[in-house]
J.: 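Following this message is one structure expressed as structure tokens.
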Amino acid sequence: MPELPEVETIRRELEPYLVGKKFVEVIVCDTKIICPLTAAEFREGLVGQRIKSLKRRGKYLILLLSNSKCLVIHLRMSGVLLLNPPEPQARSRVVFHLSDGSRLVLIDRRRLAVVSILEGEELVESKLGPEPLEPSFTAKELARRLKRRKAPIKAVLLDQKVIAGIGNMYADEALFKARVHPLRPASDLSWQETERLYTAIISTLRSAIEHKGASVDTYLRPGGEAGAAHFNFKVAHCGGKPCPECGTPVQRLAIRNRGSYFCPTCQKC
DNA sequence: CCCGGAACCTGAAGGC
DNA sequence: TGCCTTCAGGTTCCGG
């Protein structure tokens with residue numbers, strides 16, 4: 001599942017290949033993904049445009065174009081972006097042909113990915129809270145945002161308007177690191193717990209980026225390689241395994257219909 | 001505004 | 001072997 005570290009890895013690895021190249025042809029194999037645009041509108045919006053830069057905001061990948069519009073890609077659950085993959089690729093949804101002869105292919109098993117052409121970044125911006133790895137995001141800011149929320153901290157961490165980019169796996173890892181039970185009401189966290197959670201979020205995301213993302217399920221880097229971040233997971237997707245701190249079996253709990261993994265000994269309710 | 005649940009989607013996995 | 005159900009989770013929508 002591409003979360004912030006996975007999208008950041010994709011951005012970093014695509015950037016040197018894409019910047020300066022032009023779109024020469026765009027083939028849409030599944031129009032659902034570019035809805036509400038038609039394949040022709042989508043193609044016309046891109047062909048001839050040069051890619052100026054690649055940005056990431058939360059889990060969104062943003063390609064800034066020479067006409068100052070943005071190609072915005074959200075991979076959701078199972079979207080994968082591959083550079084020059086061997087043909088044919090099952091479940092290709094969009095193929096972008098570039099001016100140097102290379103191809104960027106969006107593959108999506110579950111058809112939940114979304115691609116759009118936007119005038120600017122405002123629409124993306126309006127949906128998202130702060131970037132957790134920006135210096136302007138502080139423990140105090142996190143505390144302010146958690147204060148009004150009575151929902152379980154796990155659910156609040158998944159709210160992209162509270163913090164952008166955290167998904168199910170990294171929420172579980174950060175809560176474990178901070179020793180906070182996922183069902184604790186967000187507003188009940190002490191200042192000390194909030195500070196620990198703040199540190200845990202940042203170190204978890206940074207470490208996952210260093211390991212080039214977590215290849216659970218379908219995630220691959222643009223060259224087709226897997227990431228290695230999941231080898232460091234202590235609780236996420238580790239149901240039944242012993243907690244690395246105390247040996248208690250990791251428990252699974254459904255919170256808002258999301259599998260939540262935690263250590264019942266290290267993370268007291 | 002806040003909360004929780006359903007819907008979207010398809011392939012894998014497990015039960016019988 | 002095969003059919004059926006359940007699970008996976010990012011986002012959006014809807015009702016309370």
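In what follows, chains carry the letters A, B, and so on, assigned in the order in which the sequence lines appear, proteins first and then strands, with residues in each chain numbered from 1.
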J.: In this structure, how many angstroms lie between the P atom of B:dC2 and the CG atom of A:L146, rounded?
T.: 12 Å
J.: If I take atom CG in residue A:L61 and atom C1' in nucleotide C:dG10, what distance separates them, rounded to the nearest angstrom?
T.: 16 Å
J.: Using the closest heavy atom to pick a nucleotide of DNA chain B for each, name whichever of A:R76 or A:R91 lands nearer the 5' end.
T.: A:R76
J.: Within less than 4.0 Å of OP1 or OP2 of B:dT10, is there a side-chain N or O belonging to A:R111?
T.: yes
J.: Does OP1 or OP2 of C:dT11 have a side-chain N or O of A:K59 closer than 4.0 Å?
T.: yes
J.: Any Lys/Arg nitrogen of A:E173 or A:K177 sitting under 4.0 Å from an Asp/Glu carboxylate oxygen of the other?
T.: no
J.: From CG of A:L183 over to C1' of B:dC3, roughly how many Å is that when rounded to an integer?
T.: 14 Å
J.: Rounding to a whole Å, what distance do you find between A:D217:CG and B:dC9:P?
T.: 18 Å
J.: Between A:E25 and A:R43, does any NZ, NE, NH1 or NH2 come within less than 4.0 Å of an OD or OE carboxylate oxygen?
T.: yes
J.: Would you indicate, yes or no, if B:dG5 has its OP1 or OP2 atom less than 4.0 angstrom from a side-chain nitrogen or oxygen of A:N257?
T.: no
J.: Does A:E225 pair with A:K212 as a salt bridge, N-O distance under 4.0 Å?
T.: no
J.: In whole angstrom, what separates A:L158's CG from C:dA8's C1'?
T.: 14 Å
J.: Taking only Lys NZ, Arg NE, NH1 and NH2, and the carboxylate oxygens of Asp or Glu, determine whether A:E131 and A:R56 approach each other closer than 4.0 Å.
T.: yes
J.: Check the phosphate of B:dC9 against A:R93, side-chain N and O only, distance under 4.0 Å to OP1 or OP2. Yes or no?
T.: no
J.: CZ of A:R256 versus P of C:dG10: gap in Å, rounded?
T.: 13 Å
J.: Does a side-chain N-to-carboxylate-O contact under 4.0 Å join A:D108 and A:R76?
T.: no
J.: Which is more 5' along DNA chain B, the nucleotide nearest A:P152 or the one nearest A:R258? Just name the residue.
T.: A:P152
J.: Please determine if a side-chain N or O atom of A:Q160 lies less than 4.0 Å away from the OP1 or OP2 oxygen of C:dT11.
T.: yes
J.: To the nearest Å, how far apart are A:L128 CG and C:dT11 P?
T.: 8 Å
J.: Which nucleotide sits closest to the side chain of A:R110: C:dT11, B:dG5, C:dA8?
T.: C:dA8
J.: Just checking A:M1: base, sugar-phosphate only, or nothing, at a heavy-atom cut-off of under 4.0 Å?
T.: sugar-phosphate
J.: Look at the side-chain N and O atoms of A:H74 and state whether any lies under 4.0 Å from the OP1 or OP2 oxygen of C:dT11.
T.: yes
J.: Are OP1 or OP2 of C:dT12 and a side-chain N or O of A:K127 less than 4.0 angstrom apart?
T.: yes
J.: For A:L75 and B:dC8, what is the distance between atoms CG and C1' respectively, to the nearest whole Å?
T.: 17 Å
J.: Indicate whether OP1 or OP2 belonging to C:dG9 is found under 4.0 Å from a side-chain N or O atom of A:H237.
T.: yes
